[in-house]
Amino acid sequence: MTARGRVTLGVLLDSLGPEMVRPLAMPNGREPLIGTPVIYDPEETMTGLEGAVLLVTGRPSAEVLARAGEVGVAVVVAKPGAGGEESLAEAAEAAGTALLAAAPDVSWGQLYTLIDALLAVVAPVESLGDIRAADLFALANQVAVRVGGAVAIEDLAMRVLAYSTVEGQQIDDLRREGILGRRVPEHPTNAEEYAAVLRAEDAVWSYQPREYYPRLAIAIRAHGEALGTIWALRAEEPLATDAAQVLAEAARVAAPHLARITLAADEARRRRDECLCDLLRGLGPVRELATSFGLLPDEPVVVVTVGPHGRTADAFAATHTGDLLRTAYAAYRMRAAAGAVDGCAYAIVAADSVTPLLRRITADVLARIPDRLGGQWRAGIGRVVSSVALAPTSARQAEEALRALCGPYARAEVGHHEELSAALFLMDVDVSVRAKPSLYGEPLGVVAAHDARHGTHYVRSLRVWVAAHYDVPRAADTLSLHPNTLRYRLRRIGELIDLDDPDTRLVLALQLRLNGASEPAGS
């Protein structure tokens, strides 16, 4: 494995920042070129790792560092824990390989994606006209000079991958927020504007939101597939007359970059989802997998699952939803392993984050999904379990909670397993009696037959009365009847079935509920 592009250890440190990694040993300084990140598997031999960035999950050791030095690993990234940093740093110096300490709350999957994306972004690209662009940032600057306006390059998730820094070019607050947050701020017009850009073959103008400068934008494509967009901002001065042609050239140059970024992200996501699936199913080395996501193997956790209401889940929607969960939880410093498994989004969340805030953040994610994917979505939350090894139990409960929320007996969008016991019970009863005559038989069948013969509305009266918890004045108000009229009607029904018998009332209420006839204002 050889070093790619022109990314040095110093560039890696500066890009990730001290909140993610900090150096413990750099025997060769900041200059060594780094190569592809590799998540270290203790079961495999160290071969083909020259120049690699080795992500060592679990507890690192001097022996691992020595072997890494022997095979030419450029950088080892580990989470040494308290008290072991000094001895590991000495071992790294002796091995001749750099050693970085990753922050405890950063997952290995996240680090892998960031490092691989960094390598793709700054790898060499082809020339733009007669100027050679060394990376996406240089490309953004060159385009900005030629078109006469500030430029941003984004992926399909509206993440700002690169932006121009040409002195004297104006930007507005929308661009400023996008640069600072590395993501385009949410706005009601985003979906329509981006869709228009991605539909067009050439550069198109965007005038929304109207309170900001207009933008000339073009889609970046490879083999017909959209990968991202380039946006040139028109401030006080008009853009160059050939701005559209310059953007078209830039889009062709940027395409290989974004293709590599997409491939790296897809591969990292695939690996992460496979590891998450193993944790949810109780497979594989649980402790190592938990550590790779930044979770402590022996700490309490809870599982959240999100799925669509009223339609079948699909892999694309689940993947996008998993990304939204991961981003939302990380924004609130909630330690979680999130991804897509079997068409649904899942997250294993550290129990110290199980507060009302977890429910609110999950609900916020649900509110954002319809604008991007359409439909209605629900989130089930399992019960807290004592360790990651028991995550499969919480996952089954989360799946049951989601099933209840998508059924006819619960109306919430987010629900905990323990608060949905009644809805789950009704679903089980429904399944057991749905095909049996008893669901449509006595006592409800007697009243329904009377309505059919005489044109009465006794079933609806019973439905509203039961839904009102047998409160006659309340039920009468819903039915727009005088309470005495309803009392008379109930006495007539009592001549058909024994409404004073508690078992009859119980069965009648279940029949009404299971037949979907318990809405207070039902027909």
Side-chain angles (χ1 to χ4, degrees), residues 1-124 134-135 137 260-261 264-265 267-268 271-272 288 291-294:
M1 180 178 298
T2 58
R4 300 189 303 177
R6 57 180 185 80
V7 182
T8 64
L9 173 57
V11 171
L12 175 67
L13 287 169
D14 294 341
S15 299
L16 295 180
E19 291 187 355
M20 284 202 171
V21 294
R22 54 188 175 86
L24 298 182
M26 293 195 298
N28 302 306
R30 293 169 53 91
E31 301 309 315
L33 293 175
I34 66 167
T36 306
V38 176
I39 297 179
Y40 174 57
D41 183 352
E43 301 299 323
E44 297 180 0
T45 58
M46 283 194 186
T47 56
L49 296 178
E50 182 181 356
V53 179
L54 198 65
L55 307 180
V56 178
T57 63
R59 186 70 63 183
S61 65
E63 290 75 18
V64 169
L65 290 167
R67 291 201 302 273
E70 290 172 1
V71 300
V73 168
V75 186
V76 172
V77 185
K79 297 181 181 180
E85 293 185 357
E86 186 175 346
S87 59
L88 289 173
E90 292 176 358
E93 291 283 353
T97 185
L99 174 63
L100 307 182
D105 58 346
V106 177
S107 74
W108 294 113
Q110 183 182 12
L111 270 178
Y112 179 97
T113 302
L114 288 171
I115 296 170
D116 212 49
L118 174 66
L119 291 169
V121 168
V122 300
D135 54 44
F137 281 91
R260 285 195 292 271
I261 294 172
E267 176 62 18
R271 294 185 185 182
R272 182 181 61 237
E288 288 80 358
T291 303
S292 72
F293 285 108

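Since this is a predicted model, take the numbers as computed values, not measurements. Sequential numbering from 1 along the given sequence is applied to the chain's residues.
At least one donor-acceptor pair under 3.5 Å links the side chain of Asn28 to the backbone N or O of Gly96. Distance alone, capped at 3.5 Å, is enough to place a donor-acceptor pair between the Thr97 side chain and the Val73 backbone.
Between Leu49 atom CG and Thr36 atom OG1 the span is 10.0 Å, to the nearest 0.5 Å. Atoms CG and CD1, from Leu54 and Ile34 in turn, are 12.5 Å apart once rounded to the nearest 0.5 Å. Going from atom CD1 of Ile39 over to atom CD of Glu288 covers 13.0 Å, rounded to the nearest 0.5 Å.
When Leu24, Leu88, Val64, Leu65 are each tested for a side-chain contact (heavy atoms from CB on, under 4.5 Å) with Val76, only one passes: Leu65. Of the options Leu100, Leu9, Val75, a side-chain contact (heavy atoms from CB on, under 4.5 Å) to Pro23 is made by Leu100 and by none of the others.
Annotation for Leu13 and Arg30: closest pair CD1-NH1, 4.2 Å, computed over non-hydrogen atoms. Nearest heavy atom pair, residue Ala25 against residue Glu93, reads CB-OE2, 3.8 Å. Taking both residues in full, the closest heavy atoms of Pro60 and Lys79 are given as CD-O, 4.0 Å, listed atom of the first, atom of the second, then distance. Considering all non-hydrogen atoms of both residues, Val53 and Gly35 come closest at CG2-O, 3.7 Å.
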